[in-house]
Amino acid sequence: MLSPRVLKSASSLMCRGFSMGQMCRQGKAPDMAEGNTFLLVSNVRNRLREIVGASTNWKDHKQALTERASLSQYLAQSQDELPAKTMKDSAIEAHLPLGTQPALREKYLNYHNSVRFGRILEDLDSLAVLICYSHTWNKELTRSPLSIVTALVDKIDMRKNIIYPDCDIKFTGHVTWVGKTSIEAKMHMSQYHNGAYTDVLDATFVMVARDPENKRAAFINPLIPEGPEEEAIFQQGEINKKRRVELSTASLLKVAPTAEERTLVHNLFLNTLDTRTVSFRSRILPPNSLWMEDAKMKGLEICHPQERNIFNRIFGGFLMRKAYELGWANACAFAGCRPTLVAVDDILFRKPVEIGSLLLLSSQVCYTEGMHVQVRVHTEVLDPLTRQHSTTNVFHFTFHVEKEVPSVVPQSYGESMLYLDGKRHFDETMRTQI
């Protein structure tokens, strides 16, 4: 991320005069006082609708899609046709004034008197899209011909466990890397408490650009780093891309587990054999353990137009919120106490969810270690007419609890692969937390 000083100078949304000498209450940030002109999180989605020309009325969505199809003529035929942009061109600062504007709190408040993290995921998703549109914006056009959608949430690392419901929140972010049709955006969230901003989280999203009808890839503006700091940020984006390719290549859905992982699975199997019998089928649960089959939780959502995005499909942030809340509930029920989020990683958006779909969510505690619970949430759509299921997303959440939790034990080979996949995600999270 660019330094806060650079981000502030890059933002076109400048603060109107406000005396820093004025006193503010504990959660009220001086830069969020009434009269300031910074972008509000509540206005981000309205700004996105303006950029793409989306209709606010569901009944007009087909006409809006037809009108967007005509924008294909403005698409570049190669990346060389597009002007290069800098990181400052996409730099955005957005405010969520929970302390300054109490009316906003109801939407974000949970029953623990903290902030609903699912709502924060929605805001991050919208903000990531706006950052990418800022990078690709053509001042000569009134509407963007690009359809920019979330492809992957690479990582969300929590810097603190408590998000106060009555303290102002600030989001900053910008594009950090681009390919020909894909964009990486990083965001930072901080909260004003006790007279200063403190770090809350860092998030990395990967977006892809499509044509106006969202049917094929579209070229985006190249990114030119300015100075050593930006060059290092861009190179980290290249490293992130390489890491994602390596992880995909080594996926347990494609290749066999490593020798070490195979030994681990076999030892888990041996620990469950009944020593009183000479049978591979007679299994017993070790002490302080739970079968993976008994560590599940499921949910169902009917996808109404209210949750649509600017392209009239289900908003990705809504999917993340529902998956997080189910995963949190699963971890809570499993551990018997309230979990706190450590990290979100590798959320893959495989296909869009259409309005009217039946969305099935399945949460599984797939790995535990000490006071940590690794949860995987799988979402799929069910076509009620054909009875066919299609995977749309896979989510991975790492939670921390205040006591030692039982081990989960796989019984089938499929569950063993889920166990190993969960361990991989947990180990990676712990490695990056150091």
Side-chain angles (χ1 to χ4, degrees), residues 247 250-275 277 279-300 322-348 359-380 389 391-430:
L247 290 175
S251 168
L252 292 169
L253 293 171
K254 297 178 180 178
V255 297
T258 65
E260 182 181 355
E261 290 174 331
R262 291 196 295 270
T263 300
L264 173 61
V265 168
H266 191 65
N267 288 337
L268 285 170
F269 171 73
L270 293 178
N271 288 338
T272 63
L273 289 181
D274 189 346
T275 56
T277 65
S279 172
F280 288 123
R281 293 186 178 182
S282 182
R283 310 281 294 278
I284 58 173
L285 193 62
N288 195 32
S289 300
L290 211 66
W291 296 120
M292 286 182 68
E293 177 65 30
D294 299 324
K296 292 181 178 181
M297 192 171 285
K298 295 190 176 183
L300 167 68
K322 288 299 180 180
Y324 168 77
E325 291 175 348
L326 181 64
W328 184 93
N330 193 10
C332 183
F334 176 84
C337 59
R338 180 187 175 191
T340 56
L341 183 68
V342 175
V344 182
D345 76 309
D346 200 23
I347 298 178
L348 185 61
L359 183 69
L360 306 177
L361 301 97
S362 179
S363 175
Q364 171 75 69
V365 175
C366 50
Y367 182 75
T368 63
E369 185 173 312
M371 295 189 290
H372 288 90
V373 181
Q374 186 71 34
V375 178
R376 179 183 189 268
V377 179
H378 176 270
T379 63
E380 59 184 6
H389 294 247
T391 297
T392 59
N393 305 85
V394 178
F395 304 82
H396 300 274
F397 304 104
T398 305
F399 293 99
H400 178 268
V401 294
E402 295 302 321
K403 63 179 183 179
E404 295 276 339
V405 293
S407 300
V408 285
V409 182
Q411 287 182 285
S412 66
Y413 187 80
E415 287 182 343
S416 297
M417 295 303 101
L418 286 175
Y419 181 92
L420 293 178
D421 187 56
K423 186 177 186 305
R424 287 183 178 184
H425 283 281
F426 175 78
D427 289 345
E428 178 65 17
T429 294
M430 292 298 102

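Worth knowing before you read on, the calculation uses all heavy atoms, side chains too, and leaves out hydrogens, waters and symmetry mates.
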Chemist: Does Thr391 have any side-chain hydrogen bond (donor to acceptor under 3.5 Å, both in side chains) partners at least two apart in sequence or in another chain, and if so, which?
Modeler: His378
Chemist: Are the side chain of Ser416 and the backbone N or O of Ser412 linked by a donor-acceptor pair below 3.5 Å?
Modeler: yes
Chemist: Can you tell me how far CE of Met417 sits from CG of Leu253, rounded to the nearest 0.5 angstrom?
Modeler: 10.0 Å
Chemist: I'd like to check Val409 versus Glu415 (side-chain heavy atoms, cut-off strictly below 4.5 Å). Are they in contact?
Modeler: no
Chemist: Take Arg424 and Leu252 through the test side chain to side chain contact (heavy atoms under 4.5 Å, CB included) and record every step on the way to the result.
Modeler: CA-CA 10 Å; Arg424 287 183 178 184; Leu252 292 169; 3.5 Å; yes
Chemist: Locate the shortest heavy-atom distance separating Val375 from Gly327; write the atom from each residue and the value.
Modeler: CG1-CA, 3.9 Å
Chemist: What residue among Thr429, Thr398, Asp421 forms side-chain hydrogen bond (donor to acceptor under 3.5 Å, both in side chains) with Gln374?
Modeler: Thr398
Chemist: So do Val394 and Arg376 actually touch side chain to side chain, heavy atoms under 4.5 Å?
Modeler: yes
Chemist: For side chain to side chain contact (heavy atoms under 4.5 Å, CB included), just list the numbers for Tyr324 and Leu341, CA-CA rounded to whole Å, side-chain angles, deciding distance to a tenth of an Å, and then say yes or no.
Modeler: CA-CA 10 Å; Tyr324 168 77; Leu341 183 68; 4.1 Å; yes
Chemist: Would you find a donor on one side and an acceptor on the other, under 3.5 Å apart, between the side chain of Ser363 and the backbone of Met297?
Modeler: no
Chemist: Which is it for Val401 and Phe334 under the side chain to side chain contact (heavy atoms under 4.5 Å, CB included) test, yes or no, and what are the steps along the way?
Modeler: CA-CA 10 Å; Val401 294; Phe334 176 84; over 6 Å; no
Chemist: What class does the angle between the rings of Tyr367 and Phe426 fall in, given that below 30° is parallel, 30 to 60° is tilted and above 60° is perpendicular?
Modeler: tilted
Chemist: For residues 286-296, pull every pair meeting side chain to side chain donor-acceptor pair (under 3.5 Å), keeping only residues two or more places apart or in separate chains.
Modeler: Glu293-Lys296
Chemist: Does a side-chain heavy-atom distance below 4.5 Å link Val365 with Val405?
Modeler: no
Chemist: Give the ring-plane orientation class for His425 versus His396, where under 30° counts as parallel, over 60° as perpendicular and anything between as tilted.
Modeler: parallel
Chemist: Step by step, work out the side chain to side chain contact (heavy atoms under 4.5 Å, CB included) result for Leu273 and Arg283.
Modeler: CA-CA 5 Å; Leu273 289 181; Arg283 310 281 294 278; 4.2 Å; yes
Chemist: Can you measure from CD (Glu428) to CG (Asp346) and round to the nearest 0.5 angstrom?
Modeler: 10.0 Å
Chemist: According to the interplanar angle, ranging from 0 to 90°, do the rings of Phe397 and Phe399 count as parallel (below 30°), tilted (30 to 60°) or perpendicular (above 60°)?
Modeler: tilted
Chemist: In this structure, are over 12 heavy atoms from other groups packed under 6.0 Å from His389 atom NE2?
Modeler: yes
Chemist: Nearest 0.5 Å please: distance from the CG atom of Leu360 over to the OG1 atom of Thr379.
Modeler: 9.0 Å
Chemist: Which atom pair, heavy atoms only, marks the closest approach of Pro286 to Asn271?
Modeler: CG-O, 3.7 Å
Chemist: Keeping Arg262 on the side-chain end and Pro257 on the backbone end, is there a donor-acceptor pair under 3.5 Å?
Modeler: yes
Chemist: Working to the nearest 0.5 angstrom, can you tell me the gap between Trp328 CH2 and Thr340 OG1?
Modeler: 10.5 Å
Chemist: Got a second to check how far Asn267's CG is from Thr272's OG1, nearest 0.5 Å?
Modeler: 11.0 Å
Chemist: Which distance, rounded to the nearest 0.5 Å, do you find between the CG of Leu361 and the OG1 of Thr392?
Modeler: 8.0 Å
Chemist: Answer yes when Lys423 and Glu369 have at least one side-chain N-carboxylate O distance shorter than 4.0 Å, and no when they do not.
Modeler: no
